[in-house]
Amino acid sequence: MANFYLDNPSLKHHLNHPLMKRIVELKERNYTDKDKYDYAPIDFEDAMDSYDKVLEIVGEICGEIIAPNAESVDHEGPTVSNGRVTYARGTQENLDAVRKAGLMGVAMPRRYNGLNFPIVPYIMAADLVSRADAGFENLWGLQDCAETLYEFGNEDQRERYLPRVCGGETMSMDLTEPDAGSDLQSVMLKATYSEEDGCWYLNGVKRFITNGDADIHLVLARSEDGTRDGRGLSMFIYDKRNGGVNVRRIENKLGIKGSPTCELVYRNAKAELCGDRKLGLIKYVMALMNGARLGIMAQAVGICEAAYREGLAYAKERKQFGKAIIEFPAIYEMVALMRAKTDASRAMLYETARFVDIYKALEDISRERKLTPEERQEMKKYSKLADAYTPLGKGMTTEYCNQNAYDAIQIHGGSGFMKDYACERIYRDARITNIYEGTTQLQVVAAIRHVTTGTYLNQMRGYEELEYKADLEDLKNKLIAMTAKYEEMVSLVTETKDNEYIDFQARRMVEAAGHIIMGYLLLQDTNKDESFRHSAEVYINYGQAEVNKNYSYITGFDREDLGSFKQS
């Protein structure tokens with residue numbers, strides 16, 4: 001039987017990271033739930049065993065149900081009739097399987113019928129689902145919205161909605177509008193409060209809404225008359241049971257076809273305020289988007305894995321000129337780099353997830369009691385790191401996801417252009433990852449301040465100080481040399497104090513930071529597990545070439561030439 005968890009040992013490697021001890025300790029609150037719930041762990045080992053067993057179930061469902069359904073779902077897709085969406089047959093089978101296995105509401109507290117999993121094993125499940133079918137991950141992964149409802153809703157809302165999500169009901173986040181894509185400050189869906197009814201009503205149109213016919217929606221709407229910026233926006237909860245929202249159409253997309261991307265029409269749709277007025281974009285959507293970006297990283301890593309495996313299998317099987325094509329340098333270099341990019345992306349994903357786990361758990365504890373000074377400092381540290389690694393990781397992993405999908409097609413040659421092979425679908429599915437939840441260019445905008453303020457450089461220095469095996473010294477020295485060039489190029493750019501020039505060179509500096517950090521993460525993996533050595537060697541050599549390229553561009557660039565780009 002196919003099992004996507006058991007056939008990939010790197011997942012257990014990341015699950016067993018030393019920081020998991022602290023993460024589980026914070027998440028389980030000294031294991032007090034064991035007195036109330038028979039499925040709650042009694043200690044750290046019991047908790048880790050639980051994550052391992054559930055992930056094995058996820059792996060089996062992915063290998064035996066979701067992946068085999070992926071091609072038919074891609075061909076059939078969802079349909080819309082009378083304002084309602086019908087999923088493809090395979091999508092419905094997938095949903096039924098994950099619901100039956102209790103895999104909805106994985107990260108929610110047990111008091112709402114969740115499994116109370118930390119983010120790391122939850123994101124690992126998303127990694128597995130994405131490898132099986134990236135389109136289905138868009139449906140399953142939207143249970144992320146429950147985290148936002150848990151954080152910012154009141155207790156009455158939590159008690160009414162979260163058990164429904166844990167029971168298998170789906171969610172969506174309704175943010176984008178025809179005239180408000182990346183610029184969410186321009187959202188104009190109108191929220192009007194009725195004194196007579198004591199509730200809010202929503203009117204307007206939302207566009208590009210993933211799983212737009214979901215059971216429970218989080219909606220960004222304009223609650224303050226006369227405003228036109230983010231300060232006039234609030235977050236609302238819309239329950240499909242109340243009616244008032246219809247699907248006008250499903251977008252005909254390039255990829256992720258099993259996931260219905262909808263245009264929604266709100267006509268006096270009854271809704272309730274989530275959190276405080278005027279904080280919808282400023283606070284709540286920012287938190288929601290950060291969680292969604294971590295989910296897209298997981299999706300990108302899963303697609304990376306799928307593309308690598310398709311490319312490797314074909315390269316071993318396809319014979320030309322009397323031998324398998326993987327024996328040709330042009331091909332084995334390509335396959336090796338695909339593997340290295342996948343391992344580097346996965347290392348970045350779980351490093352980020354661990355940072356998010358610790359600060360989110362401490363943030364949750366702070367709602368129950370006052371944190372100690374040490375805990376406050378710990379929360380501040382990991383919140384900053386999560387803020388730095390999320391855009392860097394989202395930008396790097398989604399670009400690698402696209403590159404791996406491209407290379408998988410190239411390895412297949414003309415066959416890869418045909419629908420007979422899965423790499424054709426994987427290629428189309430990959431393309432959205434570096435666009436939605438913030439394009440790569442917007443991730444650079446978010447990441448650049450961590451370049452200029454030294455967050456990334458401090459992390460590189462911290463990784464450098466760790467102890468590594470003697471036979472890894474050469475790789476470590478390459479990373480040290482790369483760091484020196486990174487520091488020099490950052491100084492050259494920032495010393496100009498020219499914001500336009502800093503923005504122009506931002507992508508090159510952010511990419512360089514990514515190559516070095518991901519190289520160090522792979523070095524740490526190799527230090528504990530020899531199976532990562534090949535990827536570490538390939539990736540660090542690749543990263544060194546990329547950093548050198550960016551260094552040469554920046555050090556050789558004449559700022560007077562900047563104007564020529566504007567005129568092109």
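The analysis underlying the following values was restricted to heavy atoms, covering all of them including side chains, and did not include hydrogens, waters or symmetry mates.
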For [X], is the [atom1] atom crowded, meaning more than 12 foreign heavy atoms sit under 6.0 Å from it?
| X | atom1 | answer |
| --- | --- | --- |
| Lys278 | NZ | no |
| Arg376 | CZ | yes |
| Asp179 | CG | no |
| Asp197 | CG | yes |
| Lys34 | NZ | yes |
| Lys253 | NZ | yes |

Exercise for the section: Begin from the C-alpha positions of Glu378 and Tyr359 and carry the test side chain to side chain contact (heavy atoms under 4.5 Å, CB included) through to its verdict. Expected result: CA-CA 7 Å; Glu378 186 181 20; Tyr359 104 79; over 6 Å; no

Looking at every non-hydrogen atom in both residues, tell me the closest pair between [X] and [Y] and how far apart they are.
| X | Y | result |
| --- | --- | --- |
| Gly77 | Ala88 | O-CB, 3.6 Å |
| Ile66 | Asp133 | CG2-CB, 3.7 Å |
| Ala271 | Cys199 | O-CB, 4.3 Å |
| Ser345 | Cys304 | OG-SG, 4.4 Å |
| Leu103 | Gln143 | O-NE2, 3.3 Å |
| Val165 | Ile216 | CG2-CD1, 4.0 Å |

Problem - side chain to side chain donor-acceptor pair (under 3.5 Å) assessment of Arg111 paired with Asn116 - result: CA-CA 9 Å; Arg111 64 183 179 274; Asn116 200 51; over 6 Å; no

Cut-off 3.5 Å, side chains only: do [X] and [Y] have a donor facing an acceptor?
| X | Y | answer |
| --- | --- | --- |
| Gln299 | Asn138 | yes |
| Asn252 | Arg249 | no |
| Tyr427 | Asn402 | no |
| Asn94 | Tyr87 | no |
| Tyr31 | Asp46 | no |
| Arg131 | Asn8 | no |
| Asn404 | Thr342 | yes |
| Thr440 | Glu399 | yes |
| Asp183 | Ser186 | yes |
| Ser234 | Ser223 | yes |

Practice task
Might you work through the side chain to side chain contact (heavy atoms under 4.5 Å, CB included) test for Cys274 and Phe236, ending with a clear yes or no?
Solution key: CA-CA 5 Å; Cys274 181; Phe236 295 88; over 6 Å; no

Nearest 0.5 Å, what's the [atom1]-[atom2] distance between [X] and [Y]?
| X | Y | atom1 | atom2 | value |
| --- | --- | --- | --- | --- |
| Leu19 | Ile358 | CG | CD1 | 4.5 Å |
| Thr91 | Asn69 | OG1 | CG | 8.0 Å |
| Trp140 | Ile61 | CH2 | CD1 | 10.0 Å |

Problem - Set of side chain to side chain contact (heavy atoms under 4.5 Å, CB included) partners for Val285, sequence neighbours left out - result: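 For Val285 the side chain to side chain contact (heavy atoms under 4.5 Å, CB included) partners, ignoring immediate neighbours, are Leu175, Leu184, Leu220, Met235, Leu281, Met289.
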
Practice task
Evaluate the side chain to side chain contact (heavy atoms under 4.5 Å, CB included) criterion for residues Lys360 and Met379: first the C-alpha distance (whole Å), next the side-chain angles of each, then the deciding distance (0.1 Å), finally the verdict.
Solution key: CA-CA 8 Å; Lys360 284 281 190 185; Met379 183 172 75; over 6 Å; no

Problem - side chain to side chain donor-acceptor pair (under 3.5 Å) partner of Glu25, chosen from Arg29, Lys21, Lys27, Arg22 - result: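 Going through Arg29, Lys21, Lys27, Arg22 one by one, the side chain to side chain donor-acceptor pair (under 3.5 Å) with Glu25 is satisfied by Arg22 alone.
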
Practice task
Show the numbers, then the answer: is there a side chain to side chain contact (heavy atoms under 4.5 Å, CB included) between Tyr350 and Met124?
Solution key: CA-CA 8 Å; Tyr350 294 118; Met124 202 163 278; 3.5 Å; yes

Handout entry: side chain to side chain donor-acceptor pair (under 3.5 Å) between Tyr382 and Gln377, worked out
Key = CA-CA 9 Å; Tyr382 285 105; Gln377 194 61 33; over 6 Å; no

Please check this pair: side chain of [X] against backbone of [Y], looking for a donor-acceptor N/O pair closer than 3.5 Å.
| X | Y | answer |
| --- | --- | --- |
| Asp215 | Glu169 | no |
| Glu76 | Arg89 | yes |
| Gln185 | Gly230 | yes |

Problem - Residues which pass side-chain hydrogen bond (donor to acceptor under 3.5 Å, both in side chains) with Arg277, listed by chain and number, not counting sequence neighbours - result: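 Only Glu224 meet the side-chain hydrogen bond (donor to acceptor under 3.5 Å, both in side chains) criterion with Arg277.
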
Handout entry: side-chain hydrogen bond (donor to acceptor under 3.5 Å, both in side chains) partners of Asn113, counting only residues at least two apart
Key =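 None.
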
Handout entry: Ring geometry between Tyr389 and Phe355 (parallel below 30°, tilted from 30 to 60°, perpendicular above 60°)
Key =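 Perpendicular: the ring planes of Phe355 and Tyr389 meet at over 60°.
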
Exercise for the section: Could you walk me through whether Asn30 and Thr32 pass the side chain to side chain donor-acceptor pair (under 3.5 Å) test, one step at a time? Expected result: CA-CA 6 Å; Asn30 296 319; Thr32 51; over 6 Å; no

Practice task
Answer yes if the ring centres of Trp200 and Tyr266 are under 6.0 angstrom apart, and no otherwise.
Solution key: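 So the answer is no for these two rings.
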
Handout entry: side chain to side chain donor-acceptor pair (under 3.5 Å) between Asp387 and His450, intermediate numbers included
Key = CA-CA 9 Å; Asp387 186 59; His450 294 287; 3.0 Å; yes

Problem - Test: Asp429 and Lys257 ion pair at under 4.0 Å - result: no

